[in-house]
Amino acid sequence: MVRVRFAPSPTGPLHMGGVRTALYNYLFAKKNKGTFIIRIEDTDQNRFVEGAQEYIMDAMKWCGIMPTEGPGIGGEYGPYIQSERQHLYKPYALRLIKDEKAYYAFDTPDELEIVREQAKTMGMPNWQYNGITRTNLKNSLTLPHDEVEKRLANGDAYVIRMKMPRNTDVRFEDKIRGWVTVNTNNLDDKVLFKSDGMPTYHLANIVDDHLMKITHVIRGEEWLPSAPLHVLLYQAFGWEAPEFAHLPLLLRPDGPGKLSKRDGDRLGFPVFPTNWITAEGELYSGYREKGYFPEAFINMLSLLGWNPGTPQEIFSLDDLVQEFSLERVSKSGAKFDAEKTKWFQAQYLRSKSNEELAELLSQKLIKKYDKIILIKVCELMKERATFIDDIYTEGKYLLDKPETYDENTVAKKWKEDSAELMNEWKTILLAINEFTAENIEIKFKEFLTEKGLGIGAVLPLFRLLLTGQGIGPSMFEIASFIGKEESRNRIEEGITKLQIKH
RNA sequence: GGCCCAUUCGUCUACCGGUUAGGACAUCAGGUUUUCAUCCUGGAAAUAGGAGUUCGAUUCUCCUAUGGGCUACCA
């Protein structure tokens with residue numbers, strides 16, 4: 001039975017890299033008929049951000065990748081928030097001490113800072129608390145037994161550190177990267193239990209993954225360096241380790257480095273699934289609010305680091321569940337491409353029915369329009385739109401008469417005799433009984449022949465009067481859609497306004 | 001600096017020893033369109049460098065370079 005977890009810490013909003021990690025966990029779970037769990041890793045009380053947890057849940061809900069176990073959802077292995085499980089970690093740390101796999105350390109952060117500084121001035125930039133240096137520091141391995149007891153009884157501050165074995169190769173097989181080997185001489189005596197009574201990520205993570213019967217750990221590559229420590233911890237507890245899969249990172253589209261929360265608005269695209277407003281009132285924009293469909297966002301994200309091995313690019317969430325496999329996740333980091341995201345969005349917009357789009361458009365408009373009208377507007381505009389908003393902003397003349405007339409088109413097309421020409425056309429237009437696009441087109445062509453004029457000399461004028469624009473969908477469709485009366489009004493009003501300008 | 005991971009068109013990627021190195025986005029050209037968008041056709045565009053292994057390397061190994069991650073009582 002596959003059980004995977006997404007384990008964010010509530011230190012802020014979840015950015016797209018995190019969403020992708022959640023997505024891959026979700027896909028892997030569903031693909032294998034397993035369970036997808038969310039666990040909140042809030043062991044760092046200093047970095048807790050109000051509202052972050054709610055944001056994470058809300059964002060996942062929007063993306064359609066909700067877990068089936070987690071805070072507020074339920075499940076047999078709760079609680080799913082680490083701060084609510086606080087009491088259960090210490091016994092495990094103590095057990096490690098008893099088995100001589102860990103020890104008490106009494107050095108204060110300030111003392112260690114001094115040691116680090118000294119090491120640095122001596123040309124060692126990378127001082128570690130490890131098998132060698134620990135012999136000169138204050139811990140239960142160096143201090144006399146009774147002093148350790150005294151300090152503990154005294155309530156002195158202490159941490160519990162991993163007693164990293166010397167010169168041992170730790171090997172594990174990553175599902176994505178293959179075998180990874182690290183020698184323990186490069187690893188330090190990581191703190192497992194902090195002086196504030198909280199476990200560190202490493203301890204809490206291993207204990208919870210074990211207790212929650214996690215079978216596969218799918219997480220970002222930034223965890224790869226600490227995976228050997230985790231493997232060692234499983235060994236120390238005598239537990240079977242889960243499978244590991246370390247996902248490639250999402251990189252900045254421009255320069256070097258991994259995607260960070262400030263990149264988005266600086267480069268003109270969101271890095272967050274939904275809007276996030278900081279306590280200071282600063283806004284980080286999200287895909288949802290920018291008008292992206294969650295399907296488009298998820299589709300784009302799914303292909304950033306994974307591919308199906310076929311040319312198919314459009315995937316529903318269900319398709320992804322069918323096709324997904326960790327074996328096809330790539331090893332190298334992916335630069336995110338905002339243009340392609342827009343392309344996905346446009347594809348999904350077009351794939352929706354006019355009725356569906358009209359409903360969405362209707363929700364966005366303050367002024368209410370008849371649904372039948374909005375459906376037609378969507379039909380005329382959706383091929384040229386990327387977002388729902390575009391349908392309105394680029395086609396609002398379909399709903400209301402133009403307020404202004406495009407300067408360029410006026411300058412280029414509106415001539416001395418244009419008013420007269422359009423008046424003649426108006427007379428013909430108003431004489432049409434059945435005001436269909438086909439009939440208007442027939443009459444228009446006849447008019448051109450009669451006047452001996454090309455289509456390019458006349459139709460732009462007609463478009464200008466009816467829409468105020470120089471570009472847009474079929475003029476005959478537009479005229480038919482707004483109707484004879486409205487066409488008459490717009491032509492008359494337009495001529496008046498443009499003549500004044502001229 | 002140390003450790004780990006990675007490296008195919010501008011970007012995302014396919015290829016799991018033998019291909020004219022394929023696709024998508026973007027880009028350019030042509031066609032369609034009153035126009036713009038869509039759509040159609042076509043073009044340009046890549047195996048980081050060097051050694052090996054092999055009859056044969058994009059593919060396997062090593063070195064170098066580059067990029068990235070980690071290096072906290074943060075996750």
Side-chain angles (χ1 to χ4, degrees), chain A residues 7-11 41-44 46-47 82 105 107-109 112-113 116 120 123-129 157-161 174 176-178 180-183 185-188 190-202 204-205 219-228 246 248-249 251-253 256-258 300 303-314 327-328 330-344 346 350 381-386 390 394 409 413 444 448 454-463 469-476:
Chain A
S9 56
T11 54
E41 309 224 327
D42 59 346
T43 52
D44 185 355
N46 300 319
R47 295 211 309 159
Q82 286 182 332
D107 321 270
T108 67
L112 292 178
E113 190 50 41
R116 277 201 185 85
K120 201 177 283 180
M124 295 163 65
N126 195 29
W127 185 86
Q128 290 191 143
Y129 204 122
Y158 67 87
V159 299
I160 296 172
R161 282 181 183 273
D174 186 276
I176 295 168
R177 279 146 221 286
V180 177
T181 308
V182 179
N183 189 282
N185 285 359
N186 297 312
L187 269 25
D188 64 343
K190 274 273 177 296
V191 171
L192 302 176
F193 198 83
K194 299 184 273 190
S195 60
D196 66 358
M198 279 290 211
T200 60
Y201 168 85
H202 305 291
N205 191 264
R219 60 188 0 172
E221 192 186 336
E222 70 268 28
W223 293 111
L224 195 53
S226 51
H246 290 92
L249 259 21
L251 273 16
R252 289 167 46 166
K258 71 172 172 178
M300 174 277 293
L303 260 10
L304 235 42
W306 172 85
N307 76 84
T310 66
Q312 187 180 348
E313 293 208 272
I314 300 296
E327 286 69 27
R328 293 206 68 88
S330 49
K331 298 179 175 73
S332 50
K335 286 188 181 181
F336 153 77
D337 182 3
E339 285 305 317
K340 187 126 188 189
T341 312
K342 281 193 186 143
W343 178 79
F344 276 112
R350 277 175 220 165
M381 298 304 297
K382 78 171 170 185
E383 288 292 305
R384 49 222 309 132
T386 300
D390 296 343
E394 287 170 25
T409 314
K413 299 287 181 180
F444 185 79
L448 288 182
I455 197 163
V458 189
L459 201 59
L461 298 173
F462 185 31
R463 180 183 297 283
Q469 299 296 311
I471 58 169
S474 161
M475 260 329 286
F476 310 115

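Quick caveat: nothing in here was measured; it's all calculated off a predicted structure.
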Q.
Within the 4.0 Å heavy-atom criterion, would you say A:G470 contacts the bases, only the backbone, or no part of the nucleic acid?
A. base
Q) Given atom CG of A:L303 and atom P of B:A14, what is their separation to the nearest angstrom? A) 10 Å
(Q) Just the rounded figure in Å: distance from P of B:C5 to NE2 of A:H246. (A) 12 Å
Q | Interatomic distance where CG belongs to A:L112 and C1' belongs to B:C73 [whole Å] | A | 9 Å
(Q) Let me spell it out: for each of A:R350 and A:G305, pick the nucleotide of RNA chain B with the closest heavy atom. Which residue's pick is nearer the 5' end? (A) A:G305
Q) Taking a pair as Watson-Crick or G-U wobble with both distances under 3.5 Å, which nucleotide is matched to B:U66? A) B:A6
Q.
Distance criterion of 3.5 Å, no angle test: do you see the side chain of A:N186 paired donor-to-acceptor with the base of B:G2?
A. no
(Q) Measuring to OP1 and OP2 of B:A75, would you say a side-chain N or O of A:T43 lies under 4.0 angstrom away? (A) yes
Polar atoms only, N or O, under 3.5 Å: list the protein pairs with nucleotides 22-27 of chain B and their distances.
| residue | atom | partner | partner atom | Å |
| --- | --- | --- | --- | --- |
| B:A24 | O4' | A:E313 | OE1 | 3.0 |
| B:A24 | O2' | A:E313 | OE1 | 2.2 |
| B:A24 | O2' | A:K340 | NZ | 2.8 |
| B:A24 | N3 | A:K340 | NZ | 3.3 |

Q.
Taking the nucleotide of RNA chain B with the nearest heavy atom to each, does A:D44 or A:N307 sit closer to the 5' end?
A. A:N307
(Q) Please report the distance, rounded to the nearest Å, between CD in A:Q128 and P in B:A72. (A) 8 Å
Q: Can you tell me the pairing partner of B:A21 across any strand shown, Watson-Crick or G-U wobble, with both distances under 3.5 angstrom?
A: none
